[in-house]
Amino acid sequence: MNKKVHVKTGDTVMVISGDDKGKKGKVMAVSPKEGKVIVEGVNMVSKHVKPRRMGEAGGILKAEGAMYASKVQIICPRCKKPTRIGHKLNEDGTKSRTCAKCGEIL
């Protein structure tokens, strides 16, 4: 069964709850099956990496962790505020995502 997520890859979002509340970033990846997103520079986790080849360095790397999509809201490019998504049916029969506050097409 397909689950829908309100954000797409490339959207600019703001985190609305959790430790990173208020941070903004770009969506790097979306996993609709899990209902999670990876946002650039948000929810940083430490990853322990073992050297695999001779001369390769190991150590602790910082990487973005996945977070639930319900914890982020899209930022409208016109009103610059985090907003819910509305849907509008165009004349040619296609759907477009709109800002629920100002009506701008996203």
Side-chain angles (χ1 to χ4, degrees):
M1 187 170 137
N2 266 354
K3 297 180 184 173
K4 289 199 174 184
V5 181
H6 67 284
V7 292
K8 292 183 179 180
T9 305
D11 287 342
T12 304
V13 295
M14 178 185 275
V15 180
I16 57 171
S17 69
D19 293 337
D20 294 320
K21 182 178 179 176
K23 287 188 180 177
K24 296 177 185 176
K26 201 172 196 178
V27 176
M28 295 168 43
V30 178
S31 177
K33 193 172 184 180
E34 297 173 327
K36 293 187 176 186
V37 294
I38 297 176
V39 182
E40 192 174 19
V42 177
N43 194 24
M44 299 302 282
V45 293
S46 298
K47 187 175 180 181
H48 296 260
V49 179
K50 192 174 184 179
R52 296 289 172 200
R53 291 188 213 99
M54 285 290 289
E56 188 176 301
I60 302 170
L61 300 178
K62 289 280 192 182
E64 290 92 355
M67 63 190 316
Y68 285 107
S70 60
K71 291 186 169 221
V72 298
Q73 272 191 335
I74 291 183
I75 296 176
C76 175
R78 186 165 79 177
C79 61
K80 305 283 190 251
K81 294 178 184 174
T83 182
R84 294 188 315 275
I85 298 294
H87 294 282
K88 185 178 179 183
L89 196 62
N90 299 328
E91 294 89 32
D92 58 349
T94 59
K95 270 188 184 178
S96 61
R97 301 186 306 159
T98 60
C99 172
K101 292 185 178 180
C102 69
E104 175 75 12
I105 295 176
L106 302 174

Exceeds 12 heavy-atom contacts within 6.0 angstrom, atom NZ of Lys36: yes
Nearest 0.5 Å, what's the CD1-CG distance between Ile85 and Leu106? 4.5 Å
Rounded at 0.5 Å granularity, tell me how far SG in Cys99 sits from NZ in Lys80. 11.5 Å
Can you tell if the side chain of Met67 reaches within under 4.5 Å of the side chain of Asp20, non-hydrogen atoms only? no
I need the minimum non-hydrogen distance between Val37 and Ala69, along with the two atoms involved. CG1-CB, 4.0 Å
Would you list the atom pairs, donor with acceptor, under 3.5 Å between side chains in residues 39-58 and any protein atom, with sequence neighbours excluded?
from  : atom 1 : to    : atom 2 : distance (Å)
Asn43 : ND2    : Gly65 : O      : 3.3
Asn43 : ND2    : Ala66 : O      : 3.0
Arg53 : NH1    : Glu56 : OE1    : 3.3

I'd like to know if the side chain of Thr98 reaches the main chain of Gly86, judged simply by a donor and an acceptor atom lying under 3.5 Å from each other, with no hydrogens or angles considered. yes
What are the two closest heavy atoms between Val7 and Val13, and how far apart are they? CG1-CG1, 3.9 Å
Around atom CG of Asn90, are there more than 12 heavy atoms of other residues, nucleotides or ligands at under 6.0 Å? yes
Student check: side-chain heavy atoms of Met14 and Lys23 closer than 4.5 Å: no
Going from NZ on Lys26 to CD1 on Ile75, what distance comes out if it is rounded to the nearest 0.5 angstrom? 12.5 Å
If you measure from CD1 on Ile16 to NZ on Lys71, what distance do you get to the nearest 0.5 Å? 9.5 Å
Closest heavy-atom pair and its distance - Ser96, Ile105: CB-CG2, 4.1 Å
By the definition side-chain contact (heavy atoms from CB on, under 4.5 Å), identify the one residue from His6, Lys101, Gln73 that meets it with Arg84. Gln73
Does Lys81 have any side-chain hydrogen bond (donor to acceptor under 3.5 Å, both in side chains) partners at least two apart in sequence or in another chain, and if so, which? none
Give me the atom names and distance for the closest heavy-atom approach of Cys102 to Arg78. O-NH2, 2.9 Å
For the atom pair NZ (Lys33) and NZ (Lys3), what is the distance rounded to the nearest 0.5 Å? 9.0 Å
Residues Ala100 and Thr83: closest non-hydrogen pair is N-OG1, 3.4 Å
